[in-house]
Amino acid sequence: MSADTDGRGLAFTLVILLGGLVFGFGLGLSGMAKPEIVLDFLQFEDFGLLFVMGGAAVVSGVTIFGATNFLDRAPLTGRGYTRRLKTFDKNVPIGGAIFGVGWGLSGICPGAAYASVGLGNVTILWAILGMFLGAYAQGFVRSSRAEETDAAAAPSTD
Amino acid sequence: MDITTLPLVALADLFPRGVAQYAAGGLLIGLGVAVIYLGTGIIAGASTFLESTLSYVSDVPRFNRAKYLASRDWRVVFTLGIVGGAAVYALAFGEFGWTTDVQWWRLLGGGFLVGVGTRVGKGCTSGHGVCGVGSLSETSLVNVATFMAFAIGTAQIVAALGVSP
């Protein structure tokens, strides 16, 4: 598979799987896989979610700080360790606002929705269907706009 | 009521389910990200799975960019891991088979907006909220502050309109 440039064999796949398992177990234990608990937080009835996000960000923060400062390269891919720094533009707050309305309406976000399936929560498939439709809609619109831009012979921005 | 117990009572009101399970869950969420990061150098967010998986079935150019084609296989593995990890939790704690009471149109409509918003805004609660904040990225901090404010506002309005659950 020529496109599979991140594939580095069995060890790579197992580490991704192990990370996913721990991540998913944490989402289950934290209650985030239950929309009711997220909605309780957003309605100021239970502030426990602050500990979920805070705890997760502290662990990832310490890990990223330690790796970028004291480690060389990732053993399974040879990648250098970097911070997650996305460029800022107007899409960041616009997307955040749309995401926020959706999160406040449904109580569900992508990782938590996948985890909810693991609870046996078949009702959550509505949310996953919605997320795929939403992601498809924005990708379709963006691609259409890009074609218009190409037709106008403007330089590509991507 | 004895005045000296007031702060404790107030604290219990803020955390009716306690904090232990929340904190432990959060630490594990961070640990899952850390395992993948330390082993592979990859900073795993959960929402790119949506776009990269669409590349299997759609010809839309947006989904077929090299970075999605290169990562779509391991993103499927990551997501299956998330489902499996939550299943292990549910079986271990006797919660397997739990289903939400939140109405289907809230899940579908909210999910749609989450799908649009996370892709437009370059990340979700794990990408921006955990990895981005952990990286002290100003972009992520702005995104998180924005989605928190809008989510709280939306949830409060929906509750005020009497929609429950």
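The structure displayed is predicted, hence computed values, not measured ones. Within every chain, numbering begins at 1; the chains are lettered A, B, ... in the order of the sequence lines, protein sequences first and strands thereafter.
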Inset, instruction - Under 4.5 Å, counting heavy-atom pairs only, tell me which of Val58(A), Leu17(A), Ile64(A) racks up the most with chain B. - result: Ile64(A)
Inset, instruction - Name the region of Thr125(B), side chain, backbone, both or neither, that has any atom closer than 4.5 Å to a heavy atom of chain A. - result: both
Inset, instruction - Please flag which part of Ala97(A) lies under 4.5 Å from any non-hydrogen atom of chain B: side chain, backbone, both or neither. - result: both
Legend entry - Option among Asp40(A), Thr123(A), Ile124(A) that satisfies the side-chain contact (heavy atoms from CB on, under 4.5 Å) test with Pro35(A): Ile124(A)
Inset, instruction - Please determine, among Thr53(B), Leu91(B), Val102(B), Val142(B), the option with the most heavy-atom pairs under 4.5 Å with chain A. - result: Val102(B)
Inset, instruction - Determine whether Phe12(A) and Thr40(B) make a side-chain contact, defined as any pair of heavy atoms from C-beta on separated by less than 4.5 Å. - result: yes
Inset, instruction - Taking the side chain as every heavy atom from C-beta outward, state whether Phe99(A) and Phe150(B) have any pair of such atoms under 4.5 Å apart. - result: no
Inset, instruction - Step by step, work out the side chain to side chain donor-acceptor pair (under 3.5 Å) result for Tyr56(B) and Asn64(B). - result: CA-CA 9 Å; Tyr56(B) 288 113; Asn64(B) 287 278; over 6 Å; no
Inset, instruction - Sort out for me which of Val130(B), Thr79(B), Asp13(B) touches chain A most, counting heavy-atom pairs under 4.5 Å. - result: Val130(B)
Legend entry - Per-residue contact mode, Thr100(B) against chain A (heavy atom under 4.5 angstrom): both
Inset, instruction - Just give me the residue among Ala90(B), Pro165(B), Ala92(B), Cys124(B) that pairs up with chain A most often, heavy atom to heavy atom, under 4.5 Å. - result: Cys124(B)
Legend entry - Selection from Asn121(A), Val22(A), Val141(A) maximising heavy-atom pairs under 4.5 Å formed with chain B: Asn121(A)
Legend entry - Under 4.5 Å from a heavy atom of chain B, the part of Leu71(A) involved: side chain
Inset, instruction - Flag the pair Thr118(B) / His128(B) as yes when at least one side-chain heavy-atom distance between them is below 4.5 Å, and no otherwise. - result: no
Inset, instruction - Among the options Gly54(A), Gly120(A), Gly96(A), pick out the one with the most heavy-atom pairs lying under 4.5 Å from chain B. - result: Gly96(A)
Legend entry - Validation row: Ile42(B), Arg79(A) side chains within 4.5 angstrom (heavy atoms): yes
Inset, instruction - Could you check which of Thr146(B), Val133(B), Val114(B) has the highest count of heavy-atom pairs closer than 4.5 Å to chain A? - result: Val114(B)
Inset, instruction - Could you check which of Val19(B), Thr139(B), Ile43(B), Leu27(B) has the highest count of heavy-atom pairs closer than 4.5 Å to chain A? - result: Thr139(B)
Inset, instruction - For chain A, find its close neighbours in residues 31-38 of chain B: heavy-atom separation under 4.5 Å, sorted by number, or none. - result: Leu31(B), Gly32(B), Val33(B), Ala34(B), Val35(B), Ile36(B), Tyr37(B), Leu38(B)
Inset, instruction - Below 4.5 Å from any heavy atom of chain A, which atoms of Leu136(B) appear? Answer side chain, backbone, both or neither. - result: both
Legend entry - Option in Gln43(A), Met32(A), Lys86(A), Arg142(A) with maximal non-hydrogen atom pairs under 4.5 Å from chain B: Arg142(A)
Inset, instruction - Could you look at Phe96(B) and say if it's the side chain, the backbone, both or neither that has a heavy atom under 4.5 Å from chain A? - result: both
Inset, instruction - Output the option from Phe65(A), Tyr136(A), Phe140(A) having the highest count of non-hydrogen pairs under 4.5 Å with chain B. - result: Tyr136(A)
Inset, instruction - Give the member of Val158(B), Leu80(B), Asp101(B), Val163(B) that has the highest number of heavy-atom pairs under 4.5 Å with chain A. - result: Asp101(B)
Legend entry - Under 3.5 Å: donor-acceptor pair, side chain of Ser143(A), backbone of Gly139(A): yes
Legend entry - Option that, when pairs with chain B are counted at under 4.5 Å, heavy atom only, ranks first among Gly61(A), Ala113(A), Ser106(A): Ser106(A)
Inset, instruction - Would you indicate whether the side-chain heavy atoms of Trp103(A) and Ile108(A) approach each other to under 4.5 Å? - result: no
Legend entry - Glu95(B) bridged to Lys34(A) by N-O distance under 4.0 Å: yes
Legend entry - Side chains of Thr87(A) and Lys122(B), donor plus acceptor under 3.5 Å: yes
Inset, instruction - Below 4.5 Å from any heavy atom of chain B, which atoms of Phe44(A) appear? Answer side chain, backbone, both or neither. - result: both
Inset, instruction - Counting only heavy atoms closer than 4.5 Å, note whether Ser144(A) contacts chain B via side chain, backbone, both or neither. - result: neither
Inset, instruction - If the plane angle is over 60° it's perpendicular, under 30° parallel, otherwise tilted; pick one for Trp126(A) and Trp104(B). - result: tilted
Inset, instruction - May I ask you to decide if Ala46(B)'s main-chain N or O and Tyr114(A)'s side chain share a donor-acceptor pair within less than 3.5 Å? - result: yes
Legend entry - chain A contact via Ile29(B) - which portion, at a heavy-atom distance below 4.5 Å: both
Inset, instruction - For residues Phe49(B) and Met131(A), determine if any side-chain heavy atom of one lies less than 4.5 Å from a side-chain heavy atom of the other. - result: no
Inset, instruction - Using a 4.5 Å cut-off on heavy atoms from C-beta on, say whether the side chain of Phe93(B) contacts that of Leu29(A). - result: yes
Inset, instruction - Taking the side chain as every heavy atom from C-beta outward, state whether Met148(B) and Met53(A) have any atom pair closer than 4.5 Å. - result: yes
Legend entry - Within 45° cone and under 6.0 Å: Arg17(B) NZ/CZ vs Tyr22(B) ring: no
